[in-house]
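Heads up: the structure comes next, in structure tokens.
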Amino acid sequence: MKTLRCLVAVAALFFNLLALAHVGSPNVVVEGLAGPYSVRVFVRPPTVVPGVAEITVRVLEGQVQSVTVLPVYWQTGRAGAPSPDAAKSVPGETNLFTGGLWLMKSGTYSIDVTASGSQGTGTLVVPVNSIATNTKPMPRAFTLMLAALGFLLVAGMVTIVGSVFGESLSEPGPISQRVRRNSRIAMGVAVAILALGLYGGRLWWDLEEKEYRQRRLYRPTLLVASVASKNEWPYLRLKIDGKAGRSLAGPLLPDHGKIMHLFAIRKDGQDAFAHLHPVSGGDKSYGSPVPPLPAGIYELYADVTYENGFAETWTTTTEFPAAPRSVATPSPRASGDAFCAVPVTVGGQVIPFDHDDSWHTGAPLSDGASEAAFALPGGLKMVWLNKRALLLDEESLLQFQLVGPDGKPASIGDYMGMAGHAALRLSDGSVFAHLHPGGTISMASQAYFINRDNPKSAGSGTNAVLPVAYTDHVSHTNTLERAQVVSFPYAFPKTGAYRIWVQMKSGEQVYTGVFDAVVEAKTARTPAS
Amino acid sequence: MNTLEAVAPPLATDRLSPARAQMSVSAWIAVLGLACLPIGLIWDISHHSTIGRDTFWTPAHILIQLGGIIPATMFGLLALRTTFWPQPGDREGAVSFWGAKAPIGVWMTIWGCMAMLTSAPFDDWWHNAYGLDVKIISPPHSVLGLGMLGVGLGVILYVFSVQNRQEESQRGKLALVCALAVGALLTLYADFTTELTWPNMQRSTKFLQVACIPFPLLLSLAARAARIRWAATIAALTYTAIYLFMILALPLFPAAPKLAPIYHPVDHMLPPAFPLALVVPAVAFDLLEQFSGRWSRAVSASSGLFRKPWVRDWALAFVGALVFASLVGFVQWHLSAFLLSDAASNRLFARDGHWPYFVKEGPWMNTFWDNEEPRLTVAGFFGAWLRGLITVRLGLVLGNYLLRLRR
């Protein structure tokens, strides 16, 4: 069993790294190119491992005859993958395919979606985290049914034991009193033994439950944040909370050029937002200057990707102090002001922000939906083009456009390899997601799986071969850029009031548009989208 | 065998002949149904080792369910007949169960089938709550296992009661059915202990102690209660034959894993590991039982300590456990070395051909796992003998009960 145990040990080691990419938003939505075909893939990962991932593939462009899906485990790659499964065409639809794949182990899988049609064959790589998140108790009706069956079984066994020690040994004819007495005694003993057995079963079940919750159930990775003055400027330092049972056990991959994407959102009103890129402090810690935002408690969401393609979001809260008065950058002003790529100096010394860091302050979260247009500095505005009622779990394509003072679409540029970024948060903080035009996935994780079985790039991370899907993604982005519309595919996992921050770059300026939206549950009367 | 004539005189009346013939047929059907359980389980283990992906409706699962459903359905009909439309002799061989009438084995089998069916929704919920088959031994699987054992015990109770109620001339055939039934149950136990009896573990204390729990119980039970000369040997041969058949048959079917990750490519259904040489201790148990019969006749009229049957049975258990532990320890010590050698790389012995797709290939497949499972020691042997002493004695108690079983 050496190897088996080694595998278990490796799995256990890796499991310590497990967490969820995004917060409260496990579903994966990816839009990209499978060769010549544009497709949108929606994956609903299982809530337990092993479990079945439900996959929906919608063909957006091109004539596709068949779609296959293939599970690829991070450790074994495509050499350790079975033959692909054919996704079924949905009756009545010409461009919709569905399938299910078993995710057998905890860790990272890629689901290779291959589309075939008149223009040939192409594959889109979709990384998916495989983790256990289920904590639902047994439904009451089911509990009652099992209890009833259990009672029948116990009563039946007691009766059988009574017969075994009584009637079954009797010759034909009336049953003697002695036999009846023996039978009753045996039944009494059986009741005691069965009660002990049931109690033992209860203890066993409790142990299984405890083992599941302690070792296999996903627990969020928590950070410890501290702010200290460094060169007269508040400096944020982040470290994994060891007390929470986690430690950084593996190196991280850069995702679109950054080892970490940190989102800071002011807790009260969500009226201040920053998108920062802390750097490694060399002692398994990460640090960044604190942006000049209003003082207050901030929720921090740090998106990272491990070298095995596993993407997760580390979280914590901390207090940001007010920016020093001597800061040589404009202080926050009216709603819509944004500051980015503007050197911040104190006493002539440049504060070492990352050149892609950006932040924003504005109005607090509103109760209802905001306007579709959001005013920006310089007379620009950001417009939510397809703003409408949002429904729970519905595939949505959130489309935005940057409009210049002249009312025409403004030219948008490359912002960390893509046309735009978005972050969204549910008002109670139970959902947070960082979106790209390609979807909810980590591009670094996708690159890992594309390079995973490429001998030219083996062991060289994302710096070796530019992944095909990444190329596809950029070209896809370029297509959008030409249309000057930036789209984010997503499916909202909970109902409630959301705030969405959308970031685009025009010239050297990053613009952050802020939109509030309410997601409602689907009802029978809700028209199909 | 030694006391059967004294405690279970046959019901020799002509009016019971048709009922006896039906009982004989139903005993055969029940045993064939019971055999579906261990065969289905071996098939299912092969399915999980080869293909991985499964549903409730895989052929192996259906065969397992048939193992419960065939005897339970037949016995259910028998219970209806005995309760509402009894034929001559039916009521004489029945016990009451909540107002209904049928032999005790019928109720035990139906109980086992009910437990198997109960485990299905429980297991389904468990998979949704904690993941599919995270552990082979889980609470819902234990309910399923208890159900299987219930079916097995029920069939055993039924066929032995039929044996006891047959005319003397027919008892030999029924005793053969009894021995086959014990063989099926022996195979089921062997399936359950698969992960504790790999050839790589057969020089360890753990292996011998595990082997000394179920097998001596069933072998001593068969030798004591089945009215045939080599009952334990037939039971062990049944177990061996089922395993050899599956070893030779399963690899004939091409198959490939359908789940990732695949650490170990396979292209055919994987066979089980080579069975234990239980035939050797089984022959010894039969010889001991034959000696016991002669011994009891010799001392029953004496005034010594051994005139009491329970004292003789304890003495028999003492020796039987020692013989079992010694023979199994010795035979498997050498057989396992052969099974892990190059000479065993063929279709019959399968060497390392039974390892599933989800383990990495390596030298560990063909070596003893001494680091994980320490080698057999004197203390370990003593522990195995102690377990064997208890289980052989229990087997004799159950065997004596089966000899007295009338309904």
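So that the names make sense, note that chain A is the first sequence line, chain B the second, and so on, each numbered from 1.
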Do we see a donor-acceptor contact under 3.5 Å between the side chains of [X] and [Y]?
{"X": "B:Arg224", "Y": "B:Asn400", "value": "yes"}
{"X": "A:Ser168", "Y": "B:Tyr401", "value": "yes"}
{"X": "B:Gln202", "Y": "B:Trp198", "value": "no"}
{"X": "B:Glu361", "Y": "B:Tyr263", "value": "no"}

Just so I understand: if I count every heavy-atom pair under 4.5 Å between each of [options] and chain B, which residue has the most?
{"options": "A:Gly166, A:Pro137, A:Gly201, A:Ala155", "result": "A:Ala155"}
{"options": "A:Trp102, A:Trp205, A:Phe142, A:Tyr109", "result": "A:Trp205"}
{"options": "A:Gly162, A:Gly150, A:Pro71, A:Gly156", "result": "A:Gly156"}

Where on [X] is there a heavy atom nearer than 4.5 Å to chain A: the side chain, the backbone, both, or neither?
{"X": "B:Ala256", "value": "neither"}
{"X": "B:Pro265", "value": "neither"}
{"X": "B:Ser161", "value": "neither"}
{"X": "B:Ile104", "value": "side chain"}
{"X": "B:Pro257", "value": "backbone"}

Looking at [Y] and [X], is there a salt bridge between them, counting it only when a charged N and a carboxylate O are closer than 4.0 Å?
{"X": "B:Lys101", "Y": "B:Asp90", "answer": "no"}
{"X": "B:Lys258", "Y": "A:Asp85", "answer": "no"}
{"X": "A:Lys210", "Y": "A:Asp206", "answer": "no"}

Part of [X] within contact of chain B (heavy atom distance under 4.5 Å):
{"X": "A:Met145", "answer": "side chain"}
{"X": "A:Ile160", "answer": "both"}
{"X": "A:Ile175", "answer": "side chain"}
{"X": "A:Thr135", "answer": "neither"}

Who among B:Phe97, B:Trp107, B:Tyr357 has the most heavy-atom pairs with chain A under 4.5 Å?
-> B:Phe97
Over all atoms of both residues, closest heavy-atom pair of A:Pro127 and A:Val28 | O-CG1, 4.1 Å
Just wondering, are more than 12 heavy atoms of other shown residues or ligands nearer than 6.0 Å to CZ in A:Phe165?
-> no
